Amino acid sequence: MHRREKLKALQEKKINPYPCFFKRTYTSKEICDSFEKLETETTPVSVCGRIISLRSHGKSAFFHILDGDGKIQVYLKSDEVGEEKYKLFELFDIGDFIGVTGKVFKTRTGEKTVRSEDFQLLSKSLHPLPEKWHGLQDKELRYRQRYLDLITNPEVKETFILRTRILSCIRKFLDSQGFLEVETPVLQPVYGGAFARPFITHHNALDIDLYLRIADELYLKRLIIGGLEKVYEVCKDFRNEGMDKNHNPEFTMLELYQAYADYSDIMELCEKLFNFIALELFNTNKIRFQDEEIDLSPLWRRISFWESIEKYTGVDLSRAEEKKIREFAQDLGLKSDPTIRIGKIIESIFEAKVQPNLIQPTFILDYPVEMSPFAKKHREKEGLTERFEGFIAGAELMNAFSELNDPLDQRERFEQQAKFKQMGDEEAQVLDEDFLKAMEYGMPPTGGLGIGIDRLVMLFTNSTSIRDVIFFPQMKPES
RNA sequence: GGGGGUGUAGCUCAGUGGUAGAGCAUCUGCCUUUUAAGCAGGUGGCCGAUGGUUCGAUCCCAUCCACCCUCACCA
């Protein structure tokens with residue numbers, strides 16, 4: 001008899017295969033944790049979950065049920081539940097949800113087990129689960145049917161629970177520091193705050209195109225202008241770009257702004273935040289990522305952008321002319337044709353030669369102004385900005401500035417971007433007149449920070465693909 | 001977009017120019033402390049799609065589709 005026939009047979013016995021309710025008194029974990037006490041008690045426990053394995057012996061059966069906390073074995077015996085009820089169990093399959101009531105005991109091998117006195121179908125499953133030993137291996141199926149991945153591969157569940165706990169830690173930490181969590185628009189008439197092509201959508205009533213945000217930066221700054229001195233938002237950003245193990249078209253970003261702070265204050269904040277997360281999750285500030293042990297404890301290494309290039313290439317490019325930098329990039333085998341602007345060339349040199357070496361937490365400071373349209377010019381160093389990026393395990397996790405708050409300078413930077421756009425750079429910034437107007441009312445000195453949350457979760461969960469930390473990564477629809 | 005790989009039973013995977021195999025799952029028996037339960041016997045497949053070569057293709061070739069890896073792109 002197959003599953004649908006069993007379903008029918010149950011209905012003929014007037015059993016609702018999808019009942020509304022079961023009164024659970026203990027989870028599997030609670031039973032295991034307080035087993036010694038429960039063993040001496042006379043009142044039975046009620047547990048429920050999905051049947052994930054089944055060993056039936058004619059007139060008795062053992063099975064494991066999986067619930068949110070873990071799993072527990074159940075023992076079912078014909079002469080204890082009655083012959084008729086036992087027969088009913090033959091209509092149950094692996095994958096079904098069941099509620100079980102009974103007293104706890106230990107089997108001959110010492111396994112904590114519930115001896116069923118009564119049981120009830122809670123939901124009939126019409127498909128078999130993936131193979132019990134290997135689990136679900138096919139990556140495509142794991143992403144498309146994540147629920148099967150979660151049922152059969154326990155470490156996947158742990159990764160995603162960690163993700164949620166990391167988010168809680170971030171909020172707990174920032175709230176404790178006096179930050180206010182806020183919400184700003186996803187649908188924006190002008191997109192900005194990052195370099196990326198946007199997703200475009202249309203509002204029917206207004207008959208205008210709107211963009212899904214690529215960043216929330218310009219809105220959070222409006223709140224700083226409005227007098228909210230410490231704000232942050234954890235949100236989805238959308239970038240219409242390629243996908244790989246570090247990029248998903250929608251991804252989670254933390255942006256944070258603090259009035260009367262500069263980028264040095266933000267560096268300290270980053271160190272504290274990462275250590276807080278590590279201590280809360282693992283009770284240590286040393287974490288393992290692939291083959292590396294990462295020591296998050298402060299102070300992190302600080303090295304200026306140009307120095308880092310000199311250190312890892314042996315060449316000081318800080319005063320080099322554009323022509324020389326282009327030649328140098330070419331020698332390294334990097335693209336350097338004249339249509340690519342110099343900021344991007346410098347960036348590609350950095351990414352190729354410096355970034356892979358940044359395993360232990362490192363702040364790279366003081367980026368050239370042409371790479372950083374929202375960062376304030378450096379208080380001392382000509383041609384540089386007060387900007388840092390934070391790298392761990394070779395990945396860029398943080399990007400922060402002393403924020404540009406000079407409206408005239410900001411306007412010039414936008415105009416510069418407009419030129420890039422005309423030259424064919426699809427990712428250059430669009431001039432945002434409304435934002436400039438806000439800034440012209442006066443914006444206090446402010447430190448700002450962006451952290452790619454997915455990458456941060458990858459670091460803390462030792463994952464090498466962004467798809468392993470996003471429940472439902474973007475996939476092409478099945479045909 | 002370039003290069004490489006994968007696609008065979010519900011799942012995990014073998015395999016062959018002559019219409020297909022294992023383990024698990026499933027079905028039928030037997031089995032009242034098992035745990036990758038056991039024993040016996042079954043069911044299950046457009047061999048990713050479309051063309052071509054061939055007497056004959058799941059296998060060789062071409063194209064396409066999906067996924068993975070990698071490079072490019074990408075704050």
Side-chain angles (χ1 to χ4, degrees), chain A residues 1-3 5-6 52-64 71-81 83 86 90 93-95 105-111 113 115 125-145 148-149 151-153 193-197 214-215 217 237 239-249 251 253 255 333-335 340 343-344 347-348 350-352 355 367 371-375 387 389-391 395-401 425-427 429 450-452 455 464-467 473 475-479:
Chain A
M1 211 190 296
H2 289 93
R3 286 167 189 254
E5 295 165 325
K6 288 179 182 172
I52 53 162
S53 67
L54 175 58
R55 297 166 293 284
S56 126
H57 302 80
K59 292 226 160 76
S60 75
F62 286 93
F63 55 92
H64 279 94
K71 56 185 183 178
I72 188 147
Q73 181 169 256
V74 178
Y75 182 45
L76 186 65
K77 222 167 136 180
S78 172
D79 52 19
E80 283 176 7
V81 295
E83 230 170 274
Y86 191 85
E90 286 167 2
D93 288 295
I94 290 174
F105 76 108
K106 268 189 186 165
T107 64
R108 204 148 56 187
T109 56
E111 181 165 353
T113 301
R115 186 189 299 269
S125 165
L126 299 179
H127 293 291
L129 291 180
E131 204 234 10
K132 61 185 170 187
W133 193 239
H134 301 91
L136 190 65
Q137 295 297 323
D138 186 293
K139 284 199 177 169
E140 185 174 355
L141 289 182
R142 290 181 48 205
Y143 299 146
R144 287 193 196 279
Q145 295 180 277
L148 294 179
D149 195 23
I151 294 165
T152 48
N153 300 322
F195 298 103
R197 279 141 67 191
I214 59 172
E217 169 153 353
D237 287 343
R239 297 186 185 174
N240 207 338
E241 311 279 3
M243 294 155 54
D244 60 35
K245 63 180 182 176
N246 284 307
H247 297 86
N248 195 62
F251 62 99
M253 184 76 127
E255 286 201 35
L334 302 169
K335 274 207 239 166
I340 306 174
K344 291 208 165 190
E347 195 175 308
S348 68
F350 177 85
E351 281 170 12
Q355 191 170 333
Y367 284 68
M371 294 170 67
S372 316
F374 294 105
R387 172 188 180 191
E389 290 190 320
F391 294 85
E396 180 210 327
L397 291 176
M398 294 150 263
N399 185 20
F401 327 125
D425 185 346
E426 290 186 75
E427 286 159 9
Q429 287 291 310
I451 298 183
R455 291 183 191 174
T464 54
S465 171
I466 197 168
R467 294 188 194 103
M475 303 282 277
K476 274 198 191 177
E478 282 179 291
S479 48

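Sequence lines set the chain letters: A, B, ... in the order given, protein chains first and strands last, and positions in each chain run from 1. Both backbone and side-chain heavy atoms feed into the values below; hydrogens, waters and symmetry mates do not. None of the values given here were measured: they were computed from a predicted structure.
Contact annotation: side chain of A:R55 to base of B:U34, donor-acceptor pair present below 3.5 Å. No N or O donor and acceptor, one from the side chain of A:R3 and one from the base of B:A25, sit under 3.5 Å apart. A donor N or O paired with an acceptor N or O is not found under 3.5 Å between the base of B:C67 and the side-chain atoms of A:D138. The base of B:U33 is paired with the side chain of A:R115 by a donor and an acceptor separated by under 3.5 Å.
Base engagement by A:E111 is indicated by at least one non-hydrogen atom pair under 4.0 Å involving a base atom. Nucleic acid contact class of A:Y143 (heavy atoms, under 4.0 Å, all strands): sugar-phosphate only. Among the protein residues, A:F105 comes within range of the nucleic acid bases, having at least one heavy atom under 4.0 Å from a base atom. Using a 4.0 Å heavy-atom distance criterion, A:H127 is classed as making no nucleic acid contact. Within the 4.0 angstrom heavy-atom criterion, base atoms lie near A:T107.
Side-chain N/O atoms of A:K344 include one lying less than 4.0 angstrom from OP1 or OP2 on B:C74. When the side-chain nitrogen and oxygen atoms of A:K132 are compared with OP1 and OP2 of B:C11, none of them lie within a distance under 4.0 Å.
For A:E111 and A:H64, the side-chain atoms include at least one donor-acceptor pair closer than 3.5 Å.
The existence of a salt bridge linking A:K6 and A:D93 is confirmed by a sub-4.0 Å separation between a basic side-chain nitrogen and an acidic carboxylate oxygen.
As rounded to whole Å, 14 Å separates atom C1' of B:C74 from atom CG of A:N399. Taking atom NE2 of A:H134 as the reference point, atom C1' of B:G10 lies 16 Å away to the nearest angstrom. Residue A:W133 contributes atom CH2, which lies 16 Å from atom C1' of B:C13 at whole-angstrom precision.
No option in A:E389, A:R387, A:E347 other than A:E389 meets the side-chain hydrogen bond (donor to acceptor under 3.5 Å, both in side chains) test with A:Y367.
Between A:N246 atom CG and A:I466 atom CD1 the span is 6.5 Å, to the nearest 0.5 Å.
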